[in-house]
Number of protein chains: 2
Amino acid sequence: MNSYTEENYLKALYTLGNERGEVNVNDLSRKLEIKMPTVTSMMKKLAAKKLVYYESYKPLKLTEKGKREAALIIRKHRLTEMFLVENMGFGWEEVHPIAEQVEHIQSAAFFDKMDQLLGYPKVDPHGSPIPDRNGKVIWKEYQKLSSCKVGETVRLAAVINTSEDFLRFLNSREIHLGLKVKIKAIEQFDGTMKVSYAKRTDETISHVVSERLLVEKA
Amino acid sequence: MNSYTEENYLKALYTLGNERGEVNVNDLSRKLEIKMPTVTSMMKKLAAKKLVYYESYKPLKLTEKGKREAALIIRKHRLTEMFLVENMGFGWEEVHPIAEQVEHIQSAAFFDKMDQLLGYPKVDPHGSPIPDRNGKVIWKEYQKLSSCKVGETVRLAAVINTSEDFLRFLNSREIHLGLKVKIKAIEQFDGTMKVSYAKRTDETISHVVSERLLVEKA
DNA sequence: TTATTTTGTTAGACACGTCTAACTTTATAC
DNA sequence: GTATAAAGTTAGACGTGTCTAACAAAATAA
Ligand SMILES: [Mn+2]
Ligand SMILES: [Mn+2]
Ligand SMILES: [Mn+2]
Ligand SMILES: [Mn+2]
């Protein structure tokens, strides 16, 4: 069994790996807010457990075993977030710090029960896919709202940034997953979009925001 | 903030204190399955944090602060057990090991939400009282089923032993909290009771079992 | 291509929570 | 009331996860 600490390293390696392809000691160090020498020594430990390929001065890479174990922790994280939102009434902006702790609970029954009560959800409250029991993840191909054209109507499928501030901002505009958004106009200069959705027929979405929203064709 | 480990020591001190009055290093050592020298050094640490009164060779005692913090962990434990049973469909025999982990989650909102969803329960699934937000516990005075007389009808209010085996045994006899039990006869020799409850009109309860069931007059 | 900056490693330290071995104090038995 | 047993403490060690200081390698800039 991996320790609480090891689990957090595995998860960070996994998510950084998906975001940036290559993961360096420095990236991990910054993400976990842990100094580089500490990261190096943990990488050697995880390498000894066959969870990470480690060679001095080379980028870090999870082994297949490491990827699987990381994905299973992420599964627990995302199931928890979904449970907190759907079955406990939390807002999507509140759940991450709680899930960060709950993900380390050792009890298959606990998470199986969440999964069952939720009806075997495929995505978490932010639209990220929930890995299956074997650690397999099915990534749906979404596109950024910012890449859409005038006249298109799209459905909001996921958020890229899940910071509390950003999610609170979306709440204040009544923007949530599943929302149908029609693009009315795009300002060439700065990419600002004029859109309509729900009862809001004359809203503005800045490029900073549309870059962080993933959509699919409605 | 207290560590995960410190929390488990506090909780053990609290429950042993209620069961036996005085707590010795040896008791704690056996309860936590941690060797005595380790316990001694932790007691010094908790004493430095004003959570325990510690003097060499004297019985251990929680300070008021220590009692309060212990009770708040127990609150989280029991709310969790109740939530697992009432809102997630677990059996009362399954929840303890999960609650043992969940009780260490640091999130007031998480437990407040459980409390609210449960309708501010006063007791856990085993009939033990849930301490309030200030760590105050209201103990109801129940009596052992074994101390009841022939002809009495009592309501099952709590179980003393919460081992999985005992709870499974009760499940197999369809014995659960709230059950009304009528005492039809008591064998003087070994204390075996003849009782009726629900649709079971001719059941036998051994003294070993009736000693572990707490009831109130119906 | 050499100098500088950034990234990464090594060495050594430390807090935490655990252990065993050895010793001391207190309790129990005779 | 001494002898023995049980309980408790002290000393010293160890694994985990963290740090800082010093050094080395790789990347970038001049
Ligand atoms: Mn999250
Ligand atoms: Mn975590
Ligand atoms: Mn319990
Ligand atoms: Mn616990």
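How far CD1 of A:I98 is from OG of B:S107: 3.5 Å, rounded to the nearest 0.5 Å.
The distance between atom CD of A:E55 and atom C1' of D:dA25, rounded to the nearest whole Å, is 15 Å. C:dT9 atom P lies 11 Å from atom CG of A:L28, rounded to whole Å. We find that CG of A:N26 is positioned 11 Å from P of C:dT9, with the value rounded to whole Å. One interatomic measurement links the two molecules: NZ of A:K35 to C1' of D:dT18, which rounds to 10 Å at whole-angstrom precision. A straight line from CG of A:L60 to P of C:dG8 spans 8 Å, rounded to a whole angstrom. For A:E6 and D:dT18, the CD to P distance is 10 Å, given to the nearest whole Å. Atom CD1 of B:I34 and atom C1' of D:dT9 are 17 Å apart (whole Å). Taking atom CG of residue A:D27 and atom C1' of nucleotide C:dT7, one finds them 10 Å apart after rounding to whole Å.
Residue A:Y9 has no polar side-chain atom (N or O) positioned under 4.0 Å from OP1 or OP2 of D:dT16. Applying the 4.0 Å criterion to OP1 and OP2 of D:dA7, one finds that B:N24 has every side-chain N and O outside that range.
Nearest-nucleotide assignment on DNA chain D puts the 5′-proximal partner with A:M42, out of A:M42 and A:Y57.
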Could you go through nucleotides 10-12 of chain D and list every protein N or O atom that sits under 3.5 Å from one of its N or O atoms, giving the distance for each pair?
unit_1, atom_1, unit_2, atom_2, d
D:dT10, OP2, B:K44, NZ, 2.3

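Checked by atom type, the side-chain pair B:D165/B:S163 shows no donor-acceptor distance below 3.5 Å.
By the side-chain contact (heavy atoms from CB on, under 4.5 Å) test, A:K140 is found to be paired with A:Y142, A:E216, residues two or more places apart in sequence or in another chain being considered. Judged as a salt bridge (Lys or Arg N to Asp or Glu O under 4.0 Å), and not counting sequence neighbours, A:E22 has no contacts.
As judged by a 4.0 angstrom heavy-atom cut-off over every strand, B:T38 is placed among the base-contacting residues.
Judged by the 6.0 Å and 45° rule, B:K113 forms a cation-pi pair with A:F90.
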Query raised in the report: When you look at A:K122 and A:I130, which way does the side-chain contact (heavy atoms from CB on, under 4.5 Å) test go after all the steps?
Result: CA-CA 5 Å; A:K122 294 274 187 297; A:I130 298 175; over 6 Å; no
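Taking the ring centroids of A:H126 and A:H96, they lie at or beyond the 6.0 Å cut-off.
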